[in-house]
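Below: one structure, written as structure tokens.
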There are 2 protein chains.
Amino acid sequence: MTEKIPTIQDVARIAGVSTATVSRVLSAPDMVRARTRERVTDAIESVGFTPNMAAQSLRRRRVKTVLVALPNIGNSFFGPIVDAIERACTERGYDVLIVNRRPDSSDDASLLSYFNSNRADGLLLFDGSTSRSNWSARVGNRELAFPTVNVCELIEGGGLPTVLSDNEGGVEMAIDYLVRMGHRNIGRVAGPEENVLNRQRGLGYAKALKRHGIDPGLQWRHAGPFGFQTGHDAARRFVELADKPSAVFCDADEIAIGFISELHAHGLTCPNDVSVMGFDDIPFAAQSSPPLTTIRQQHKQLGRLAAELLMDMLEGGLQGETAHVVLACELVERQTVRAIAPTQT
Amino acid sequence: MTEKIPTIQDVARIAGVSTATVSRVLSAPDMVRARTRERVTDAIESVGFTPNMAAQSLRRRRVKTVLVALPNIGNSFFGPIVDAIERACTERGYDVLIVNRRPDSSDDASLLSYFNSNRADGLLLFDGSTSRSNWSARVGNRELAFPTVNVCELIEGGGLPTVLSDNEGGVEMAIDYLVRMGHRNIGRVAGPEENVLNRQRGLGYAKALKRHGIDPGLQWRHAGPFGFQTGHDAARRFVELADKPSAVFCDADEIAIGFISELHAHGLTCPNDVSVMGFDDIPFAAQSSPPLTTIRQQHKQLGRLAAELLMDMLEGGLQGETAHVVLACELVERQTVRAIAPTQT
DNA sequence: CTGTTAGCGCCTTCAA
DNA sequence: TTGAAGGCGCTAACAG
């Protein structure tokens, strides 16, 4: 029944050659005479030989595997990105290992162990917690040896190659748009305080407001983790507000959608009572009612570029600088923003 | 800078013991005298030793890795399930490898190669295409040797252990509920024809309708792949209907949400003009406007049970029968279904 | 309780 | 162009 899995030895025996020749046929076919090569190929075919990756990895010291460390696989924002990563990796023969990054303390060590134990050659790291300053502290030690690319978020001062969106510019774009639509009292529901994205987006928010002569410090603000819940919380506080902003920018689509949803539960509607914008353009943004006006990140590109950059590094490219790729965002106008006649605050 | 990664030899040398002893400390500590053990532990600590998994796998013939093959990572339905799988696996020291299952032909072979090449010990397979009858054909050959658990969907006649929801019962529950709310003209937007889920859910749909004296054959129906697009298409056809059903059951939440969204674009509203139900209870279902009434699958449980079943198999449990786990669904009443006075069709 | 030994399957000099 | 041989790092008998 369960026949033994064929090894390179079996192939060699059947083809009447040495294992070295079989190995060459696989990794350097040109070194083998055509006739020999054909016999070997046939033998491989006939027994259905697949190189044992454990053995191969042990010899070659690389496993052709990329580790993807996410804060939360369940978050729909990551779906398309992981999809793109998987595609790019598969194309180049790499496997994709997924781990959920728990906030738990000593997690860094466990990520590193993937490298030390030869389970992954490189790391695609989604991590934006500034509190994790320890990562950068390790740079210069052996830790640096784990080829890593920051994706979407980044560890400031970590000195790692990075692929992310122009968060600051994206938010500016959002605010500019809201102002153009007549809004001058623009609240914000921010992401988690300890996250770089929160900072970057906050910068864009403040910068754009100032440019339009609006004091960012005077605007309503709420912050919390990325997710619906933060939107709910914000909405519950919003409805109590005496002087309500006419528009609210949310740091993430999930927050925006949660915000609108909870608003509805309280009898307010968007965009009649408030205009709302999100950030990300997750697949659901276009489906929610009303469809969400938002800033699009290039999910697919982010994933693909990060993966390719990492694989290039693994294969010896990237001799020079530390790459830092910033992708532009795009305004997606849908129906959660209403034009109003400018009033004073 | 990049110091050499320590091996078991280094540890042995430092601790003044043989590599065998170090190995024992790691896998069978009780076999080692306490004092020796401590010396070894210290040595391990001091050099930061982590066993090389490639070497370990080569010897042990197992890689402690589970392969998860999804039809579409991007689909938000899978998020929570993959999350649960990853949790369960991590708890027991398994890694999770992810592949997107492309509909491309000979994909089966590539999945098998994960086993043959010793990259994964077992497979969690999300596949419900009945056209894929070849998989079952292989059972009995070496193919069977790849320990596999079907999740959510299943390959009929594949004879593989399976973990899924009671799809038939779930849909019955939905229809019963709609009837209870006064609906007797109940359309359906189905999933892809070639998918088992479509069949199972169709069975429940027909069964429940018949039980209530309604002819399933007379109801409006539309089918398409799981995803928003199918909901859109269905809605565009729906608005043209002369005799509109008062309620529509959708085979998936994404379909339902797409349906409602497109309905709105055509000036119809839910539940005033139509009542709509979905299936799955994806995270967004609760956030959409209006919040979606749906049938909940136990995502976390599905993922966890499947993973544990597989790991049990890998570790020698499951000597006996082929497990077939069916989880109950649950009705989640929200706001997309309206009670109406019963009328005749 | 601990050490010695012999590979797991593959790649890669080094010779022929 | 091909083969022989050694070893990657670890584990699992088998001795002691």
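Each chain gets a letter, A, B and so on, in the order its sequence line appears, and its residues count up from 1.
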Sugar-phosphate only, base, or nothing, as touched by A:Thr21 at under 4.0 Å among non-hydrogen atoms = sugar-phosphate
Is a salt bridge present between B:Arg101 and B:Asp127, judged by a nitrogen-to-oxygen distance below 4.0 Å?
-> yes
Side-chain donor-acceptor contact under 3.5 Å, A:Tyr114 with B:Asp95 | yes
Among the nucleotides D:dG9, C:dG9, D:dC10, which one has an atom lying closest to any side-chain atom of A:Arg61?
-> D:dG9
Atom pair distance, as rounded to whole Å: CZ in A:Arg13 and P in D:dG3 | 15 Å
Starting at CG of A:Asn52 and ending at C1' of C:dG9, how long is that distance when rounded to a whole Å?
-> 6 Å
OP1 or OP2 of D:dG3 under 4.0 Å from side-chain N/O of A:Ser18 = yes
Contact class for B:Arg24 (heavy atom, under 4.0 Å): base, sugar-phosphate, or nothing?
-> base
Think B:Ser23 has a side-chain N or O under 4.0 angstrom from the OP1 or OP2 of D:dT11?
-> yes
Side-chain N,O (A:Arg33) to OP1/OP2 (D:dT2) below 4.0 Å = yes
Donor-acceptor pair under 3.5 Å: do we get one between A:Arg59's side chain and the base of C:dC11?
-> yes
Whole-Å distance between C:dC8 P and A:Leu58 CG?
-> 13 Å
Is any NZ, NE, NH1 or NH2 atom of the basic residue among B:Arg13 and B:Asp10 found under 4.0 Å from an Asp or Glu carboxylate oxygen of the other?
-> yes
Side-chain N or O of A:Gln56 less than 4.0 angstrom from OP1 or OP2 on C:dC11?
-> yes
Interatomic distance, B:Phe49 CZ vs D:dG9 P [rounded to whole Å] = 10 Å
